[in-house]
Amino acid sequence: MEIIDMLGKPCPIPVIEAKKALARPGADSILVKVDNFVAVQNLEKMAKGYGYGFTYAEKSPDAFDVSVSLDGKAPPVQATAADVPQDIQCAPGEGLVVAIGRNTMGEGAEELGKILIKGFVYSLTELPAPPAYVFFFNSGAYLTTEGANTIDDLKKLEEKGTKIFTCGTCLNYYNLQEKLAVGAVTNMFGITEKLAAAANVINI
Amino acid sequence: MERKLNALLESCTSGGCGAKISPGTLSQLLTGLPVLRDDNLLVGYGSSDDAAVYRLDDRRSLVMTVDFFPPMVDDARIFGKIAAANALSDVYAMGGRPLTALNLVCFPQAMDTAVLKEILVGGAEKVMEAGAVLSGGHSIYDKEPKYGLSVTGIVDTDKIIRNDTPRVSDKLILTKPLGVGIIMAALRGEAASMEAVRKATASMERLNKYAAEKMAGHSVSACTDVTGFGLLAHALEMAGDAVSVVVYPDELPYFDEAYRYAGEYLLTAAGQRNRNHLAGKADVERLPFALQELMFDPQTSGGLLISVAAGEAEDLLSAIRADDPSAQIIGEIAERDKDIILFR
């Protein structure tokens, strides 16, 4: 049984982490440690809402052990994959997901790296089956924003049905939030969910 | 310059009005304090109203309030605006007009003071929009940042609008959508959409000034602003000992994303504390779970809850909607029933 230490974590973090743990393959029951009774009650609402088993023990006034068990029920849906359209699900066994976490390709001269990444994005448009998703994060955000020489090819990919997303935290960090030129914004949940569900991942 | 630092949000264990001490705990603490009687104190903490009111002369009274809390958003400027809109709101809820505002600042020694600058700029912008004058403040070092204001306003004594004097058969108008607490909770869990966060922050930084100004000339019997205790606890305060509040669940304005996140149990601690406070006073069980949570959701800088004569409700609603299009008639005041809050 997985033990999840949520001492000092404010709501709704204990519920989110509990749901993630219950959704992991093979998970059957979990023990969540929290430091206040309100967190116990919020876990109880989640557990009862899904029809899971729920018990708790008060170890001290600021230490509670909460047990949640699936009891044969389906694991919880993962927390909201915000901004990622719900109608397009990338089921395992189909679809390619490309994750681009930098604005160059390979190690070596930066100038060459930039030429290569542009070539790579162009090549994606030429694939017989275009990727289901392309995610941009960290300095990869520079490839989807104004001034990038990759925009036209990314728009071509979009026309072919590829969903293009850039990490919102990264746009904010590089002060690019007003400059997104192609695709939409997502967060780490959106990225992680699609990577986890992908049949093939290319990681640049 | 826009300044965003994750450090702002991560430095706090709970943000916004969700950090409030629960209403039950608070009223226990306040009973038994030594009190000097003063006939000019027209509204004190004896009545859990939004602000204190002190009579100056035959005609006018001062309205005084203070509000501050830890950040609920990462953008320092927006946090400043929300904190100020929230502090100013109590004056509007009393029917008053803010005159002066004093800054209250707690800030970590190790944090970039440029962040504090942005918070103060945001606050000052809202004070200016309110037509009040920023007149000083007090700042201390603290482990977690907090910001707010003490606001003083003025009101014609015969136009004070209390929060617990609603008339039977009045209609209730709520001027902002519910759910900002849930959306901010989802943001903490990195599960909120940017669109939801944008809508919620726009709602929180909006002044209640515009809705409050529309109350003049209408037969308003009671008003409060819906904040950390959530809609139902504020409705309970409004009911007082005299009447019951009927809520129309189908008419409640809320953010769609908040409804969805509530269904995924992205809930605050304060929301559960509010639920506990209402236990036995409102039978919410037959309503959809997500709707229940929206009615318990702590609202940072929430809307006004206005009790207005039934015959004038539609007229006031359409006036308010000119500036606050989400406003809805969400209930009515009824003779006291065995349940203080009913749903119909």
Side-chain angles (χ1 to χ4, degrees), chain A residues 7-20 22 34-50 52 68 76-86 165-178 180 184-193, chain B residues 1-6 9-10 12-16 18-19 22 70 72-75 144 181-198 257-277 279 288-290 292-293 296-298:
Chain A
L7 300 175
K9 301 286 183 191
C11 292
I13 309 295
V15 167
I16 290 175
E17 293 302 321
K19 284 173 68 181
K20 278 191 217 163
L22 288 165
V34 293
D35 58 17
N36 67 89
F37 186 63
V38 166
V40 175
Q41 291 179 303
N42 273 341
L43 284 162
E44 180 179 17
K45 284 189 286 196
M46 182 273 290
K48 300 224 161 128
Y50 287 122
Y52 301 154
V68 181
V77 288
Q78 196 43 270
T80 321
D83 291 328
V84 177
Q86 299 294 316
F165 288 100
T166 306
C167 141
T169 307
C170 312
L171 288 170
N172 290 342
Y173 186 88
Y174 292 114
N175 237 329
L176 294 168
Q177 60 269 44
E178 307 294 334
L180 190 66
V185 176
T186 189
N187 59 20
M188 202 44 81
F189 270 114
I191 296 174
T192 310
E193 188 182 70
Chain B
M1 181 187 70
E2 193 178 17
R3 178 164 290 270
K4 292 191 187 228
L5 283 185
N6 287 329
L9 200 52
E10 280 167 11
C12 297
T13 43
S14 64
S22 81
M72 76 306 290
V73 291
D74 258 339
D75 186 301
E144 298 189 349
I182 289 169
I183 290 174
M184 292 301 120
L187 174 65
R188 264 172 191 280
E190 294 186 11
S193 77
M194 301 265 279
E195 176 64 9
V197 172
R198 192 195 59 73
E257 291 91 341
Y259 192 95
R260 203 168 76 231
Y261 301 153
E264 293 174 10
Y265 307 97
L266 300 170
L267 304 171
T268 62
Q272 178 60 39
R273 286 197 290 269
N274 292 339
R275 181 185 279 270
N276 294 343
H277 177 65
F289 174 78
Q292 297 175 25
E293 289 297 330
F296 294 125
D297 187 38

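Just so we're on the same page: letters track the sequence lines, and every chain starts at 1. All heavy atoms count here, side chains included; hydrogens, waters and symmetry mates do not.
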Check whether any side-chain heavy atom of [X] lies under 4.5 Å from a side-chain heavy atom of [Y], and answer yes or no.
X      : Y      : value
A:C11  : B:Q272 : no
B:L266 : A:I16  : yes
B:R275 : A:Q41  : no

Is it true that a side-chain atom of A:N42 and a backbone atom of B:Y265 form a donor plus acceptor pair closer than 3.5 Å?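 Answer holds: no.
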Whether over 12 other heavy atoms sit under 6.0 Å from A:K9 NZ: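 For A:K9, atom NZ is not crowded (no more than 12 foreign heavy atoms under 6.0 Å).
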- prompt: Does any heavy atom of chain A fall under 4.5 Å from the side chain of B:E293, the backbone, both, or neither of them?
  reply: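 The side chain, not the backbone.
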**Report entry** Residues forming a side-chain hydrogen bond (donor to acceptor under 3.5 Å, both in side chains) with A:D35, sequence neighbours excluded
**Finding:**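 In terms of side-chain hydrogen bond (donor to acceptor under 3.5 Å, both in side chains), with neighbours along the sequence ignored, A:D35 is linked to no residue.
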Give me the atom names and distance for the closest heavy-atom approach of [X] to [Y].
X      : Y      : result
A:I13  : B:G189 : CD1-CA, 4.0 Å
B:R273 : A:V38  : CG-CG2, 3.6 Å
A:K19  : B:E264 : NZ-O, 2.8 Å
A:P12  : B:A185 : CG-O, 3.2 Å

message: Is A:Y173 in contact with chain B via its backbone, its side chain, both, or neither, using a 4.5 Å heavy-atom distance?
response: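 Neither the backbone nor the side chain of A:Y173 comes within 4.5 Å of chain B.
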| said: Please report the interatomic distance CE(B:M194) to OG1(A:T169), rounded to the nearest 0.5 Å. | reply: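 One gets 7.5 Å once the value is rounded to the nearest 0.5 Å.
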